[in-house]
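Below is one structure; the comments refer to it alone.
Nothing fancy with the numbering, it's 1 onward along the sequence.
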Amino acid sequence: MAAGAATAGLLTMGLLAGAGNAAADEGDTHHQGGAVATLDGLKTYDSARLDLGGGKTQNIAAGLFEMNVEGSGRLQTYCIDIHNPTQNKAKYLETPWAGTSLGANENAGKILWILENSYPQIGDLAALGQKSGAEGLTAKTAAAGTQVAIWRFSDGAKVEARDAQAEKLADWLEAEAQNLKEPKTSLTLEPNAVSGKAGGKLGPVTVHTDAGQVSVAASADAAGAGVKVTDKSGNAVTSASDGTELYFDVPEGTADGSAALTVQATTEIPVGRAFASPSKSQTQILAGSSESTVTAEATANWATKGAIPSVTAEKNCAKDGVDVTASNQGDSPFTFELAGTEHTIGAGESKTVTVPVAEDAKYDITVKGPNGFSERFEGVLDCKTQGTPGTETPGTDGDTPSSAPSPAGGSSDEATGGEGDLANTGSSNATPLIAGIAVALLAAGGAAMFFLRKKKAAAGE
């Protein structure tokens with residue numbers, strides 16, 4: 001029985017821990033669009049030394065991560081948040097600069113210049129070495145030098161590549177970098193929620209994309225209700241390009257309801273696009289992309305009378321929160337509850353409310369209205385690089401306690417480089433097992449105490 005109790009405790013904790021990991025991997029309920037990818041590890045890297053202040057240093061891995069794109073495709077990325085660890089197999093969402101630390105970073109454009117003028121965009125390492133004065137570059141040392149230069153602008157970090165030629169490359173990139181403009185999104189829809197009365201066209205929803213062409217499809221519930229996706233003139237649309245305006249054409253007499261449309265393309269995602277994780281894994285910036293699947297979705301609500309709301313949400317790093325915008329295309333006021341406060345907007349009006357969210361905090365925002373209306377938005381507000389050097393209290397010269405987070409997902413020991421899985425990530429797949437064993441031991445102990453008490457009680461009868 002004690003063994004059974006221990007096993008039950010182990011299984012229960014394993015399930016709970018698994019559920020916790022699954023919850024952590026969930027993305028924003030309403031992703032703005034673009035690529036969704038899963039971290040596959042630090043793949044091409046060499047060693048760097050981070051100055052922690054006070055005479056302390058830490059050896060870290062510096063180089064290229066790789067990600068697998070949902071649908072198809074593979075990405076190469078560099079880290080832009082050196083003090084925040086990666087989470088193994090974390091989910092990442094393509095994100096505008098304004099939704100990351102890059103939005104308030106005056107040197108963000110210099111990072112883009114580095115990406116465009118170094119490895120892997122410049123694959124001729126001999127030419128890159130000749131231009132930068134770094135002789136005999138390999139993929140590993142080129143990746144390390146590039147990452148070091150990026151950290152100097154993304155985090156203001158005092159960091160050096162341990163390889164002399166990688167350090168020369170980093171110094172050259174830092175000195176030559178120029179501020180460039182944020183690259184275009186791979187694919188988004190704006191706005192991604194609209195509303196209006198049945199019997200007309202709801203929209204427009206504007207396509208923003210770097211792809212030459214995207215496919216357009218209505219959801220099954222839209223088709224079932226006779227709702228079509230059209231242009232402004234009412235012509236059915238099955239493909240679109242950048243700047244195309246899409247509409248939901250809802251026939252008159254259609255029962256009150258909602259539907260969605262999806263746009264999708266296969267394209268190379270622009271270098272310099274940011275990738276943020278809803279599971280609080282270090283923010284990444286795109287260095288290279290294969291042909292990859294990108295997707296965006298928009299929804300529509302319609303009715304014949306009364307309030308007809310639509311709600312969107314977007315991170316606002318400048319205001320340390322999430323902007324929730326509610327619109328009402330009906331003929332009566334719409335009253336909704338948000339963050340414990342009631343708001344009312346009149347017919348044909350919209351209102352934006354910024355919900356304060358602490359840095360690095362997970363948010364779960366629900367907008368509730370009459371007749372069961374509810375919209376939920378989840379994510380993590382990650383607008384700043386994490387802390388200052390030394391917050392992890394590592395030891396000197398790379399002697400880091402095993403409990404300390406590992407910057408860049410790298411090992412605290414000297415990196416040798418190579419093709420391997422992600423180094424020390426600050427998160428372990430063994431965590432559920434350890435937790436389960438702990439509970440099992442507690443369960444076994446409790447069972448043993450129970451039987452001892454029963455034995456004593458029987459002896460005293």
Is any side-chain heavy atom of [Y] closer than 4.5 Å to one of [X]?
X: S154; Y: I111; value: yes
X: N301; Y: F373; value: yes
X: V194; Y: Y247; value: no
X: L286; Y: P270; value: no
X: V380; Y: D360; value: no
X: T244; Y: D231; value: no
X: T77; Y: Y92; value: no
X: L246; Y: V263; value: yes

Looking at [Y] and [X], is there a salt bridge between them, counting it only when a charged N and a carboxylate O are closer than 4.0 Å?
X: K351; Y: E349; answer: no
X: K89; Y: D40; answer: yes
X: E245; Y: K232; answer: no

For the [atom1] atom of [X] and the [atom2] atom of [Y], what is their distance to the nearest 0.5 Å?
X: K91; Y: S279; atom1: NZ; atom2: OG; value: 10.0 Å
X: F153; Y: E174; atom1: CZ; atom2: CD; value: 5.0 Å
X: L173; Y: N117; atom1: CG; atom2: CG; value: 8.0 Å
X: T295; Y: L189; atom1: OG1; atom2: CG; value: 10.0 Å
X: F248; Y: T254; atom1: CZ; atom2: OG1; value: 13.5 Å
X: L102; Y: I80; atom1: CG; atom2: CD1; value: 4.0 Å

If we ignore hydrogens and angles and just use 3.5 Å, is the side chain of [X] paired with the main-chain N or O of [Y] as donor and acceptor?
X: T100; Y: W97; answer: yes
X: S290; Y: G73; answer: no
X: T95; Y: A274; answer: no
X: Q329; Y: G196; answer: no
X: T209; Y: S186; answer: yes
X: N179; Y: E106; answer: yes

_For N371, is the CG atom crowded, meaning more than 12 foreign heavy atoms sit under 6.0 Å from it?_
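No, because the 6.0 Å sphere around CG of N371 holds 12 heavy atoms or fewer from other groups.
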Closest non-hydrogen atom pair between [X] and [Y], with its separation:
X: P333; Y: T344; result: CB-CG2, 3.9 Å
X: V311; Y: E375; result: CB-CG, 4.2 Å
X: H83; Y: D155; result: N-OD2, 4.4 Å
X: V207; Y: A240; result: CG2-CB, 4.2 Å
X: N192; Y: Q32; result: ND2-OE1, 3.4 Å
X: L187; Y: A265; result: CD2-N, 4.4 Å

*Check against side chain to side chain contact (heavy atoms under 4.5 Å, CB included), Q147 and C79*: CA-CA 7 Å; Q147 176 66 91; C79 160; 3.6 Å; yes
*Step by step, would you call S281 with T86 a side chain to side chain donor-acceptor pair (under 3.5 Å)?*
CA-CA 4 Å; S281 185; T86 56; 5.0 Å; no
*asked:* Is there a salt bridge (charged side-chain N to carboxylate O under 4.0 Å, His left out) between R273 and E182? Walk through the geometry before answering.
replied: CA-CA 8 Å; R273 292 297 292 170; E182 179 178 2; 3.4 Å; yes
*Check each of D323, N316, T325 against T352 using the side chain to side chain donor-acceptor pair (under 3.5 Å) test, and report the only one that passes.*
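The passing option is T325.
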*Going by the salt bridge (Lys or Arg N to Asp or Glu O under 4.0 Å) test, which pairs reach into residues 328-340, not counting sequence neighbours?*
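Sorted result for residues 328-340: K197-D331.
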Do [X] and [Y] pair up side chain to side chain, a donor and an acceptor below 3.5 Å, judged on atom types alone?
X: S277; Y: Q87; answer: no
X: D81; Y: S101; answer: no
X: N235; Y: T230; answer: no

*asked:* Using side chain to side chain contact (heavy atoms under 4.5 Å, CB included), reason through T188 and H208 one step at a time and then give a plain yes or no.
replied: CA-CA 5 Å; T188 56; H208 297 285; 3.5 Å; yes
_Steps toward salt bridge (charged side-chain N to carboxylate O under 4.0 Å, His left out) verdict (R152, D171)_ = CA-CA 10 Å; R152 292 173 183 174; D171 288 343; 2.9 Å; yes
*Pairs in or reaching into residues 210-227: which pass side-chain hydrogen bond (donor to acceptor under 3.5 Å, both in side chains), with residues at least two apart or in two chains?*
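Only S219-D221 qualify under side-chain hydrogen bond (donor to acceptor under 3.5 Å, both in side chains).
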*Give the intermediate values and the outcome of side chain to side chain contact (heavy atoms under 4.5 Å, CB included) for residues M67 and V69.*
CA-CA 6 Å; M67 298 186 189; V69 180; 5.8 Å; no
*T385 vs I82, side chain to side chain contact (heavy atoms under 4.5 Å, CB included): CA-CA, chis, key distance, verdict*: CA-CA 7 Å; T385 53; I82 192 172; over 6 Å; no
*Parallel, tilted or perpendicular: rings of W172 and W113 (30°, 60°)*: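 Ring orientation of W113 relative to W172: tilted.
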